[in-house]
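Everything below concerns the one structure shown next.
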Amino acid sequence: MRDSERRRDRRFLVILLIVSLLMVTVYSREGDKGLIHRLQRFSMDAVSPLQRGVVKLVRPLREGLDRLTGLAGASRERDRLKEENERLRDQLLEMERLRRRNEELQSMVEYVESHREWEFLAADVIGSNADNWKDTRQIGVGYADGVERFMAVLDERGNLVGRVTECTAHTSLVLLITDKQCSFGAKLERNGEAGLIKGEGEGVIRLELINQDAEVNRDDLVVTSGMGGTCPPGITIGTVREISELRTDLSRGIIVSPLAALSRLERVLVIVSPRPAGAPLPVGE
Amino acid sequence: MHRRLAFLAMLVASFLVQTTLAPELSIAGVKPDFILVVTVCFAVFEGPGRGAAFGFWGGFLEDMVSNAVMGVSSLTKVVVGYLAGELKNRMVSSTVLLPVLVVFLFSVLNELLKFLVWVAIGWDGRPAFRFSVIAGMALYDALITVVVYPLVRRLVEHEEEVTLFK
């Protein structure tokens, strides 16, 4: 670029800047009714029909753009709502867990209150058996807390869960009533017919009555008889679910559904008094 | 004569597109500045003098139909047009990428200058300064340069013996 051209451009620039600054100054100093303000308003009016026409023409394009930007916004909103939903769901689950816990504790208190003649020790279930061969639960109290072998363990509503088989200082192992090695003296609450309940594994309990001709009906309540001395009488065990024909050993197969929810035990009661008077009844085949 | 016609055609076209189409193309409240984009593209082909002239008239027309302070857009676009024109014969590019970058930078400069003037004169109606809007606008301007730049080049190349950005 030649120097003369450059000088001309610079002069031109200065002139344009001065004109622009003059416009700014005049506009800033004149009122709303000033010439430039009125000229501006007039121009805006003049252009507006043109704008309206174009708006009609490009409306489909505008709507397309809105959809695109709306989609981005909707995606953000969806993510936010998703997070909030997860947070609320967690809160709800926590509330539900606390409500259930509260109910359990209340049941426990009510049960303990209604059996003042016995002494209980509440314990958390802290573990389960790692293999598939034993139905056991580990609880968070041991001999340091007054727990002994063969003590009966109940759920929060006072239904029989099993008995303590091993004790360490602060933990104990509870053999569930469904385990094949577990047996308790039991009777039918309706007519007092006595017998034994034995675990059959896989969540099943079998009742063997001494009197093979005793009347048994479905839904009969089975409670502990106190026989053997490891468990006080009258503790609910379950209800008769199934009565089969005589087996080869001439006993009847009476299947009992446990009342305790053994698969989801969280807190249990150990009967620490009366203490077990002897060893559990042997489990015969 | 043809050069003046091209100048006028681009000026009127960019003004009409800016006043009618640009508001309809706003994304998240940000609309492109067609006049600025054409000013920069025109200036890099035509030099500082004509670039400043284009910026002045483009800004003037913009001011006429806006409710902002009259003369501010003229002022800032004169500066942008002149500086962009200074790049004439200094940029060699076979792609549109360099003009896109140049438009982006001048777009940011234009908006910063506007705010500077508004603050300097103490205009009560000035909007809140948000760099995100300026950056968005500069990005949008850079984006439409991809379309505008070849159009401007086609119009001015009839008169230019030396083609820039080529």
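Order of the sequence lines sets the chain letters (A, B, ...), proteins ahead of strands, with each chain counted from 1. Note: hydrogens, waters and symmetry copies are ignored here, and every other heavy atom, side chains too, is used.
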**Study point:** Residues of residues 14-23 of chain A contacting chain B, heavy-atom criterion under 4.5 Å, by residue number
**Key:** A:Leu16, A:Leu17, A:Val19, A:Ser20, A:Leu21, A:Met23
Practice item. Can you establish whether the number of heavy atoms outside B:Trp57 located under 6.0 Å from its atom CH2 is more than 12? Key: no
Practice item. Check the surroundings of atom CZ in A:Phe42: do more than 12 heavy atoms from other residues, nucleotides or ligands lie under 6.0 Å from it? Key: no
Review point. At their closest point, which heavy atom of A:Asp9 faces which heavy atom of B:Gly49, and how far apart are they?
Key: OD1-CA, 3.2 Å
Exercise for review: Give the minimum heavy-atom separation between A:Ile36 and B:Met70, together with the two atoms involved.
Suggested key: CG2-CG, 3.2 Å
Review point. Any idea which heavy atoms bring A:Ser28 and B:Ile121 closest together, and the distance?
Key: OG-CD1, 3.8 Å
Review point. Got a sec, which residues hit salt bridge (Lys or Arg N to Asp or Glu O under 4.0 Å) with A:Arg101, two or more places apart in sequence or on another chain?
Key: A:Asp124
Exercise for review: Might you confirm whether atom OH of A:Tyr111 has over 12 heavy atoms from other residues, nucleotides or ligands at distances under 6.0 Å?
Suggested key: yes
Check your understanding: At a heavy-atom separation under 4.5 Å, does A:Arg10 approach chain B through its side chain, its backbone, both, or neither?
Key -> both
Point to revise | Region of B:Leu16 in contact with chain A, defined by heavy-atom distances below 4.5 Å | key: side chain
Review point. Does CZ belonging to A:Arg29 count more than 12 external heavy atoms closer than 6.0 Å?
Key: no
Point to revise | Residue pair B:Ala68 / A:Tyr27: nearest heavy atoms and the distance that separates them | key: O-OH, 3.4 Å
Check your understanding: Which atoms form the tightest heavy-atom contact between A:Gln40 and B:Asp63, and what is the distance?
Key -> NE2-O, 2.8 Å
